Each structure stands twice: as C-alpha cells, then as structure tokens.
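Note that the structure is predicted; figures quoted are calculated from it, not measured. Note that ligands are numbered from 1 as they come in the structure, with each ligand's atoms numbered from 1 the same way.
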Amino acid sequence: MKICMMARNPGLYSHKRLKEAAEARGHTLNIVNTLRCYMNIASRRPEIYYNGEKLTGYDAVIPRIGASVTFYGMAVLRQFEMMGVYPLNESVAIGRSRDKLRSMQLLARDGLGLPVTTFAHDPSQTEEVIKLAGGAPLVIKLLEGTQGVGVVLADTDRSAKSVVEAFRGAKVNILVQEFIKEANGSDIRALVVGGKVIAAMQRKGAEGEFRSNLHRGGSAVSVKISAQERQTATRAAKAMGLNVCGVDMLRSARGPVVMEVNSSPGLEGVEKATGIDIASQIIEFLEKRAKPNKTNTKGKG
Ligand code: ADP
C-alpha cells in the first residue's frame with residue numbers, strides 16, 4: 001500500500017511508530033504537513049498538492065490532525081475522501097469527536113453511560129444549570145480545552161457559580177458536569193481499532209490531583225477492563241463512526257461513564273504501559289479495509 005499520513009510533526013512518537021510499522025509490513029508511508037497541503041476545488045477532479053507535486057496513487061490516508069488545525073485539516077481530509085482515498089477515520093467522524101457537546105449528544109442518543117452534563121448559553125441560567133447537574137461538587141470544563149487545561153473542580157455551589165461566571169466573562173463555551181468522586185482521580189483509556197478494544201490503560205493523577213492527564217503528571221498502567229467497559233468503549237466508537245479512537249471512561253458507582261472519545265489517540269502512553277504494538281494493528285486494519293471509494297460519507301454531512 002501507499003499510505004499518506006497528515007501530521008505536522010513527523011518526530012512525534014505516534015507518527016514515528018506508525019511509519020515504522022507500515023514500512024515493516026512492506027508499505028510506503030509518506031508524511032505530509034497538513035498546513036502545507038493546498039487544494040484545487042474544481043468540479044469532478046479534486047486534487048491535493050504538496051511541495052509543488054500532486055499527491056496521487058494513495059490507497060489510504062492517516063489523519064493526525066491536531067486540535068488547533070481542525071478546520072483546515074478536515075478540509076484536506078475531505079479532499080482525500082473525494083479523491084477516493086480510504087481514510088483511517090472519516091472527516092465527518094473526526095468532526096463529531098472534536099465537538100464535545102455534539103459527541104455527548106450522540107453518545108446519549110445511543111444510551112451510553114455519561115456523567116450528568118449540563119450547559120446553557122445564557123448567564124442568567126447559571127444557578128439552574130448547577131442545580132440540574134446535581135449541585136456541587138461539580139466539574140466545569142472549557143469546551144475547547146485539551147490535556148486537562150480548563151477543567152476545574154468546584155467544591156461548593158458558590159464556587160461553581162463564580163467559576164461559571166468567570167469563564168462566561170471570558171466568552172468561552174463551557175459545560176458543567178457531575179463530579180465522579182468514586183473514580184478517585186483515575187480514568188480508563190481504551191484503544192479501539194476496527195470495533196475491538198485492543199489495549200486499555202488506567203491513568204492516575206498526581207497526588208492531590210483529580211485530573212489524570214499524563215501531561216499533568218499522571219501515570220499510566222495496563223489494566224484489565226470489564227466486559228461492560230469493553231462494550232461501552234466499542235459502542236462509543238461506533239456511535240461516533242470512528243475506526244480508531246481512544247475512549248476515556250470513568251469508573252462510576254453506576255458503571256462506566258464516557259468522558260471523551262479521541263480520534264487521534266497518542267500511542268506512547270498506551271504502548272509503553274501495555275507493551276502492545278498498537279501501530280502495527282492500525283496498519284493491519286488498513287490492509288484489511290482500505291479500498292478505493294470505500295468512505296461511507298465522502299466528506300458529506
Ligand atoms: P481534557 O479533554 O482536557 O483531557 P477531560 O474532560 O478529559 O479534559 O478531563 C481531564 C481529567 O479530569 C480526566 O482525565 C479525569 O481524570 C478528570 N475528570 C474529568 N471530568 C471528570 C468528572 N466529571 N468527574 C471526575 N473526574 C473528571
């Protein structure tokens with residue numbers, strides 16, 4: 001196969017591993033800098049150019065689109081899809097996963113366990129929203145935050161109200177969520193590839209920290225997950241339409257609740273914690289599935 005990977009930093013662990021794995025299995029994998037791709041949007045002959053050359057002959061594309069370049073990255077990926085190149089994850093599915101509210105609505109529609117989550121646009125409804133989420137302690141999250149930045153724990157209704165008002169004053173979108181205390185500062189990340197959980201790790205926050213993000217000093221270990229957790233992860237991937245994703249769950253008293261579904265999961269933490277070669281399994285998935293014009297949506301919707 002000839003594979004194209006859209007990524008801005010070829011030196012990242014995940015990107016290096018995917019390239020290595022593809023080459024070890026006899027494929028060619030070229031990395032293109034997403035922001036340096038340019039396109040011609042002409043009727044019936046979509047094209048993408050990179051460094052003065054037309055990108056042609058690709059069997060598959062691996063989108064590794066950073067959150068900050070979602071808008072342009074999705075346009076480039078749609079163009080690949082319109083050219084009939086098989087995407088590891090489709091642009092439409094990535095678009096869903098990048099919007100936290102839309103993701104939660106899709107997961108709720110499919111009956112998946114979620115933390116009670118509320119949001120409102122109008123500041124006059126702050127108290128109602130806090131009440132609806134079950135009252136303090138509450139977690140307040142920036143919709144555009146990543147790696148735990150902009151995730152705040154408010155212990156009392158009063159502090160929750162001040163945090164909501166402060167975020168609103170800064171004109172950022174937020175959601176207010178039930179605090180899952182029994183998760184004990186840890187969460188589960190399940191790696192789903194082609195409808196199966198192939199690895200799972202438990203992340204635990206640093207001492208005194210309720211956020212378990214590895215970027216915030218958390219640590220990760222391999223974990224055996226329950227059948228219910230496994231099923232929750234695969235159903236979440238399906239609801240989003242993602243072939244490959246990381247499903248973040250909290251262990252709540254009423255079973256697993258999904259916090260987030262990540263369409264470009266990092267491989268370093270989970271490969272190191274579990275010793276599982278995830279990169280090769282992703283390439284293997286492409287070997288089985290990549291066929292021209294097999295995209296479900298071809299960038300529609
Ligand atoms: P980000 O997408 O920025 O990583 P998350 O929503 O994943 O933000 O939250 C960061 C961390 O905070 C999670 O990994 C989890 O450990 C903790 N956390 C988030 N939401 C809750 C919640 N509702 N209850 C308990 N802990 C939470």
Check: Below 3.5 angstrom, do we get any N/O pair linking Asp187 and ligand 1?
Finding: yes
Next item on the list: Please confirm whether the backbone N or O of Asn51 pairs with a side-chain atom of Tyr38, one donor and one acceptor, at under 3.5 Å?
Entry: no
Next item on the list: Ignoring angles and geometry beyond distance, decide whether Asp248 reaches within less than 3.5 Å of ligand 1 through its nitrogen or oxygen atoms.
Entry: no
Note to self: Thr28: which residues meet the side-chain hydrogen bond (donor to acceptor under 3.5 Å, both in side chains) condition with it, sequence neighbours left out?
What the structure shows: none
Checklist line | Nearest neighbour of atom 8 (O) of ligand 1 from the list Val176, Ile188, Val151, on a heavy-atom basis | finding: Val151
Item checked: ligand 1 atoms in contact with Lys100 (distance to a heavy atom under 4.0 Å) -> 2 (O)
Check: Would you call Glu178-Arg254 a salt bridge at under 4.0 Å N-O?
Finding: yes
Notebook entry, point to check: Going by the ring-ring contact (aromatic ring centres under 6.0 Å, His included) test, which pairs reach into residues 178-202, not counting sequence neighbours?
Noted result: Phe179-Phe210
Item checked: Qualifying residue, where the test is side-chain contact (heavy atoms from CB on, under 4.5 Å) with Val193 and the options are Asn243, Leu88, Leu242, Ile198 -> Ile198
Checklist line | Salt-bridge criterion met for Asp59 and Lys2 (N-O under 4.0 Å) | finding: no
Check: How does Arg211 reach ligand 1, if at all, at less than 4.0 Å between non-hydrogen atoms: by side chain, backbone, both, or neither?
Finding: both
Item checked: Option from Asp187, Ile225, Asn184 for which side-chain contact (heavy atoms from CB on, under 4.5 Å) with Arg251 holds -> Ile225
Notebook entry, point to check: Where's the contact between Lys181 and ligand 1, heavy-atom distance under 4.0 Å: side chain, backbone, both or neither?
Noted result: neither
Next item on the list: Compute the shortest N/O to N/O distance between Arg203 and ligand 1 and return yes if it is under 3.5 Å, no if not.
Entry: no
Next item on the list: Please work out whether any backbone atom (N, CA, C, O) or any side-chain heavy atom from C-beta onward of Lys204 is under 4.0 Å from ligand 1, and answer side chain, backbone, both or neither.
Entry: neither
Check: Quick one: does Arg158's side chain get under 4.5 Å of Lys161's, heavy atoms only?
Finding: no
Note to self: Using a plain distance cutoff, I'd like to know if Ile180 has any nitrogen or oxygen under 3.5 Å from a nitrogen or oxygen of ligand 1.
What the structure shows: yes
Check: Judged by non-hydrogen atoms, does Arg216 sit under 4.0 Å from ligand 1?
Finding: no
Next item on the list: Indicate yes or no: does an N/O atom of Ser186 lie under 3.5 Å from an N/O atom of ligand 1?
Entry: no
